[in-house]
Student: 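Following this message is one structure expressed as structure tokens.
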Amino acid sequence: MSDTPDVSIQQTSTLSRLRLTWTAAIAGFILLIWILLAVVGPWIAPHGEAEIISPQTFAPIGEGGILGTDKLGRDVLSRLIYGVRTTLSLALITTIITFVFGVALGFAAAILKGGFDIVVSRIVEAFMAFPSTMLALVVIGAFGTSQTVLVLTVGLVMSTSVFRVSRALGYDIGVMDFVEAARARGEGTWWILTREILPNCMAPLIAEFGLRFTFSILFLSGLSFLGLGVQEPAADWGLMVQENVGGLFLGSSAALIPAACIASLTVSMNLLVDWFQQRQQGETVLEKIDE
Amino acid sequence: MYKIILWRLGQGLLTLFLASVIIFAATEILPGDVAEAILGQSRTEEALATLREEMGLNRPALVRYLDWLNGLLTGDLGTSLATKRPVADMIESRLWNTVRLALLAAAISVPLSLSLGLWAAMRAGGRIDKTLAVSTLALIAVPEFFIGLVLMKLFAVELKWLSATANTRPYYDFWDNFRALALPVATLSFAVLAHMMRMTRSSVINIFTSPYLEMAALKGLPKRHLVLRHALPNALSPILTVIALNLSYMVSGVIIVETVFGVPGLTRLLIDGVTLRDIPLIQACAMIFGSVYILLNLLADVLSIMSNPRLRYPK
């Protein structure tokens, strides 16, 4: 996430060094547009988030609004622009919760080892043996739907895989010579963690962050689509799909447009992560010397 | 070998038990209890107390858990809060719709993705392989409801070839059934196809690049012999794992597909239960899906132990 804006801001000289492929460039561009819209959305949206602009419901594209109107006669384009903010920010908060929990527990398990590691690992295994969607549905069923419950549930459910990744990374790097040397120098646990282990885990963790971000967009919009996620009148892409499915038979695209937007977001994200991973793998010592 | 399989089966049982604990605990930690959920806003202290007494909510959580578990094992899934009908009856009438959907999707997606994955692996690095790699990578990230809606718009709304609702009737002939089920089955297949293909490709390539196969090729063995006699036996175990993993992935895919096409299946029941906060119904459905998921993973492990001699002896 964090490195996507630089992709297009830095100009040609760095572009070649990024070894940007065509797919990655397009994906980055799409993502950048959505992020920009999320920031400036409310100022450029032609109508309000829940404002009814036309008595005609499910107006086709070009009538009533640029992209038509939805089941209540609200402007699809405006809701789409407001929706990107909800969709992206909820996914971002969820992913951050996932990472804070997963990475903290994972590294703690890798460094403390022993009893703590065994207990936490067993618990995580038990949770992973169970489908995450079911887990989220059970919790949402028990607590009811609110954005707090949603974000916390999905965040915690997803953190199991981040725990596994960061625990494995922590174990791998924890036994390297330079960590050993730091220990011999008498550095504290915190110093070793933040100065020795964490910087060496950055690349795989960034890739994991991208994957989790994609997954949380899919997860959250899926829940919204089922009517269990974001609730009206807030605009969210998954919710917009759910609201307007009925219009499909009336010739309206009000459900297809937000669904396509979600797809564009997640596909771009996935392609970018893939590019990042390939680039990370491809970086040989010789290439580094050349630079 | 049997010792290891038994050991793995024991682990599976333990996981099932843990799953039941997780489900029960997740519905127990809510503030308030089922009695409050039933009475809602109009509750008085007396009404709450009577209802709690009636439903046995005053007993400690452990007793209630054991009671619930005992019910699960003897086929008594409790009574729905919303409809006051036994949960087992509600599930029974829906079960077949979901099972049929999953079986049909599996019958289509498994052979298709295995052959596509194998094809891509044989031509690794070529144009076909690269195109398939990018398109499956994209397809993985596409939400299931998008695929479902596009297919629906195309084949049901525009072309009017297929039906958009998957409601089948007992008097339907083969063609009617096909028209009703084609779209949901196709959507569900799409949802697992890309995953399964990529996993097949990478596990086959893993074997194709191993030294023993290079040796076999250098001996001058014919290609058919190479693939069938040398590569396939070793590829079997990862491929079986891939199949089972993806079938268990269908557990979440089927939720979306049933909602998009209005299939009166088990997951619709679950979603309705979640919306109405019908705890016994949610617990029963989640337990069923969880068990299927756990059993499929268990099956994958057992099959790969049986097909791979190296896994039969623990280190």
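Here is the naming used below: chain letters follow the sequence lines, and residue numbers restart at 1 for every chain.
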Student: Less than 4.5 Å to any heavy atom of chain A: does that hold for the side chain of B/I23, its backbone, both, or neither?
Tutor: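 Contact with chain A is through both the backbone and side chain of B/I23.
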Student: Does atom CZ of A/F101 have more than 12 heavy-atom neighbours, drawn from other residues, nucleotides or ligands, at distances under 6.0 Å?
Tutor: no
Student: Side chain, backbone, both or neither: which part of A/L137 has a non-hydrogen atom closer than 4.5 Å to chain B?
Tutor: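 A/L137 touches chain B through backbone and side-chain heavy atoms alike.
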Student: Give, for atom CE of A/M134 and atom CD1 of B/I22, the distance between the pair rounded to the nearest 0.5 Å.
Tutor: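 Rounded to the nearest 0.5 Å, the CE-CD1 separation comes to 14.0 Å.
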Student: For chain A, which residues from residues 265-273 of chain B lie under 4.5 Å away (heavy-atom distances)?
Tutor: B/L270, B/I271
Student: Of the backbone (N, CA, C, O) and the side chain (C-beta and beyond), which part of B/V21 lies under 4.5 Å from a heavy atom of chain A, both, or neither?
Tutor: neither
Student: With respect to chain A, which residue among B/L16, B/V260, B/L139 yields the maximal number of heavy-atom pairs within a distance under 4.5 Å?
Tutor: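 Highest number of pairs under 4.5 Å: B/V260.
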Student: Non-hydrogen atoms of chain B under 4.5 Å away: do they reach the side chain of A/T214, the backbone, both or neither?
Tutor: side chain
Student: Check each atom of A/V241 against the heavy atoms of chain B and say whether the ones under 4.5 Å are side chain, backbone, both or neither.
Tutor: side chain
Student: Which residues pass the side-chain contact (heavy atoms from CB on, under 4.5 Å) test with A/S89, sequence neighbours left out?
Tutor: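 So A/S89 forms no side-chain contact (heavy atoms from CB on, under 4.5 Å) with any residue.
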Student: Could you tell me if the side chain of B/F145 sits less than 4.5 Å from the side chain of A/S221, heavy atoms only?
Tutor: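 A/S221 vs B/F145: side chains touch.
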Student: Based on non-hydrogen pairs under 4.5 Å, which of B/L18, B/L137, B/I282, B/V292 is most in contact with chain A?
Tutor: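 The option with the most such pairs is B/L137.
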Student: Identify the heavy atoms of B/G290 and A/P131 that sit nearest to each other, and give their distance.
Tutor: CA-CD, 3.9 Å
Student: A/L218 versus chain B, heavy atoms under 4.5 Å apart: side chain, backbone, both or neither?
Tutor: side chain
Student: Rounded to the nearest 0.5 Å, what's the gap from OH on B/Y293 to OG1 on A/T133? Could you check?
Tutor: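 Those atoms lie 8.0 Å apart.
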Student: Taking all non-hydrogen atoms of both residues into account, name the closest pair between B/A286 and A/V138 and its distance.
Tutor: CB-CG2, 3.4 Å
Student: Non-hydrogen atoms of chain B under 4.5 Å away: do they reach the side chain of A/F215, the backbone, both or neither?
Tutor: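 Neither; nothing under 4.5 Å.
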Student: Rounded to the nearest 0.5 Å, what separation is found between the CG atom of A/L228 and the OG1 atom of B/T275?
Tutor: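 With rounding to 0.5 Å, CG (A/L228) is 5.0 Å from OG1 (B/T275).
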Student: Which of residues 255-265 of chain A have a heavy atom under 4.5 Å from any heavy atom of chain B?
Tutor: A/A255, A/L256, A/A259, A/A260, A/I262, A/A263
Student: Could you tell me whether B/F190 atom CZ has more than 12 heavy atoms of other residues or ligands within 6.0 Å of it?
Tutor: no
Student: Does CZ belonging to B/R8 count more than 12 external heavy atoms closer than 6.0 Å?
Tutor: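 Result for CZ/B/R8: enclosed.
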Student: With sequence neighbours excluded, give me every salt bridge (Lys or Arg N to Asp or Glu O under 4.0 Å) pair touching residues 250-266 of chain A.
Tutor: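 Sorted pair list comes back empty.
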Student: Side chain, backbone, both or neither: which part of A/T266 has a heavy atom under 4.5 Å from chain B?
Tutor: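 A/T266 touches chain B through backbone and side-chain heavy atoms alike.
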Student: Under 4.5 Å, counting heavy-atom pairs only, tell me which of B/I255, B/V134, B/T15 racks up the most with chain A.
Tutor: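 Ranked by heavy-atom pairs under 4.5 Å with chain A, first place is B/I255.
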